[in-house]
Amino acid sequence: MLLDVLTLGLSAGLSFDASLELYCRRYDTDLSKTMRGTLQLWRIGVKSRAEALEEMARELDVPAMTRFVATVSEALAFGTPLAETLERQAQVIREEQRAQMEEEVEKVPVKMFIPLGTLIVPAMLLAILGPLLGPALGLA
């Protein structure tokens, strides 16, 4: 969500700071609160933008955030178009999330073998074979 809001803001002509402030004002999440604090650090001059973002990435310890900080720092330092870069990064993150979800979905059938083998199959065998074995064993 962060990357999408920043990309839209940058595409609309806002600066990186204004786009980040827009995200922080619109959303009330832990990430937006952390970003708000980071934004304040470089606005009041305690740290440079790159230092504040890098410190935030270290505190969060999320690989996607570390990549985001590196991308933003490089783009702002070298003057490359940030909106396009963030759009590509958002696409990569979406593909990673999709791959993780597909991996989890592939694990579900394996996880279902335990309840199937321990609960459902024995109950079905008793339900099917019980009436047949009763007369055969002379219990009926």
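Everything numeric here is computed off the predicted structure, so don't read it as measured data.
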Between Leu6 and Phe16, the two heavy atoms sitting closest are CD1-CE1, 4.0 Å
Nearest heavy-atom approach of Ile93 to Ala64 is CD1-CB, 4.0 Å
Rounded to the nearest 0.5 Å, the CE atom of Met124 sits from the CG atom of Leu129 at a distance of 10.0 Å
| Do Leu22 and Met35 sit in the same hydrophobic cluster, where Ile, Leu, Val, Met, Phe, Trp and Tyr count as joined when their side-chain heavy atoms come under 4.5 Å apart? | yes
Using side-chain heavy atoms (C-beta onward) and a distance below 4.5 Å, is Thr34 in contact with Thr29? no
For Pro131 and Ala127, the nearest pair of non-hydrogen atoms, with its separation, is CD-O, 3.3 Å
Ion pair check, Arg98 and Glu102, cut-off under 4.0 Å: no
Interatomic distance, NZ@Lys111 vs CG@Leu116, rounded to 0.5 Å, equals 16.0 Å
d(Lys33 NZ, Leu31 CG) to nearest 0.5 Å is 11.5 Å
Within 6.0 Å of CG in Leu132, more than 12 heavy atoms from elsewhere
yes
Rounded to the nearest 0.5 angstrom, the CG-CG distance for Leu20 and Leu2 is 7.0 Å
Show me the donor-acceptor pairs, under 3.5 Å and distance only, between side chains in residues 65-89 and residues at least two apart or in other chains.
unit_1 : atom_1 : unit_2 : atom_2 : d
Thr66  : OG1    : Val62  : O      : 3.1
Arg67  : NH2    : Glu96  : OE1    : 2.9
Arg67  : NH2    : Glu96  : OE2    : 3.4
Thr71  : OG1    : Arg67  : O      : 2.8
Ser73  : OG     : Val69  : O      : 2.9
Thr85  : OG1    : Pro81  : O      : 2.9
Gln89  : NE2    : Arg67  : O      : 3.3

Closest heavy-atom pair, Tyr27 versus Arg36, reported as atoms and distance to 0.1 Å, is O-NH2, 3.9 Å
With clusters defined by side-chain heavy atoms of hydrophobic residues (ILVMFWY) lying less than 4.5 Å apart, directly or transitively, does Val5 cluster with Val92? no
Distance col, row Arg49:CZ vs Asp17:CG, nearest 0.5 angstrom, shows 4.5 Å
According to a 4.5 Å side-chain heavy-atom criterion applied to Ile, Leu, Val, Met, Phe, Trp and Tyr, with indirect links allowed, do Leu126 and Ile128 form part of one hydrophobic cluster? no
What about Val121 and Phe113, same hydrophobic cluster or not, with Ile/Leu/Val/Met/Phe/Trp/Tyr joined at side-chain heavy-atom distances under 4.5 Å?
yes
Heavy atoms of Met112 and Pro115 approach each other most closely as O-CD, 3.4 Å
Rounding to 0.5 Å, atoms CD (Glu21) and OG (Ser15) come to a distance of 8.5 Å
